Amino acid sequence: PSEKLNAINNVLEMGLFIKVFYKFDEPFWANKAFLFTASERTPSTRCPVWQIQDGSGSKAKSHYYHDTNIIFCYLTTEDIEAIGGAANIDDEFLHELLDDFRDIY
């Protein structure tokens with residue numbers, strides 16, 4: 001029935017979700033397996049949630065995560081629309097995201 005299809009479509013609305021990864025030669029963050037850091041979302045904070053991915057602090061040292069020296073953040077539909085769309089994710093924008101990380105770390 002159309003009522004049920006409309007209800008499903010309203011609940012299962014798809015959005016945008018982009019992960020932005022940064023790899024460093026050496027870690028400059030705390031020795032943790034996973035660290036989630038969040039700041040309040042503001043117009044100048046484009047990526048308020050970051051994850052540090054390095055298994056060196058973990059008891060279960062996974063070969064997948066160990067010594068990766070990677071941090072990453074998530075951009076959602078709201079974040080992407082705020083910059084005018086995914087086409088506007090360029091090198092300048094990626095450098096600005098690191099400024100956000102510096103502010104919250």
Side-chain angles (χ1 to χ4, degrees):
S2 62
E3 307 89 38
K4 289 186 180 185
L5 287 174
N6 288 337
I8 291 170
N9 287 334
N10 288 333
V11 172
L12 299 177
E13 183 178 319
M14 298 302 289
L16 301 173
F17 186 80
I18 296 174
K19 285 184 180 180
V20 180
F21 290 83
Y22 296 90
K23 181 165 177 56
F24 294 89
D25 292 332
E26 297 291 327
F28 56 88
W29 47 80
N31 187 17
K32 303 287 182 191
F34 293 96
L35 175 65
F36 294 89
T37 308
S39 66
E40 183 178 340
R41 184 182 302 277
T42 66
S44 63
T45 303
R46 292 158 293 273
C47 200
V49 178
W50 291 82
Q51 183 174 346
I52 296 173
Q53 183 174 329
D54 180 20
S56 59
S58 173
K59 290 182 181 178
K61 293 188 179 185
S62 165
H63 68 281
Y64 181 74
Y65 295 120
H66 187 62
D67 294 330
T68 60
N69 302 331
I70 292 174
I71 59 172
F72 64 95
C73 71
Y74 305 98
L75 297 173
T76 62
T77 301
E78 179 183 349
D79 306 314
I80 296 164
E81 287 176 350
I83 62 167
N88 292 325
I89 299 175
D90 56 11
D91 287 344
E92 181 181 351
F93 177 77
L94 296 175
H95 287 291
E96 290 173 2
L97 283 180
L98 281 179
D99 290 338
D100 290 350
F101 183 72
R102 287 183 192 101
D103 289 345
I104 62 177
Y105 193 80

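For reference, positions follow the sequence shown, starting with 1. Since this is a predicted model, take the numbers as computed values, not measurements. Worth knowing before you read on, the calculation uses all heavy atoms, side chains too, and leaves out hydrogens, waters and symmetry mates.
Between Leu75 and Ile89, some side-chain heavy-atom pair lies under the 4.5 Å cut-off. No side-chain heavy atom of Asp79 sits less than 4.5 Å from a side-chain heavy atom of Ile18.
Note that CG of Asn69 and CZ of Phe24 are 9.5 Å apart. Values are rounded to the nearest 0.5 Å.
Taking every heavy atom of both residues into account, Ile80 and Ala86 meet most closely at CG2-N, 3.3 Å.
With sequence neighbours left out, Asp90 forms a side chain to side chain contact (heavy atoms under 4.5 Å, CB included) with Glu92, Phe93.
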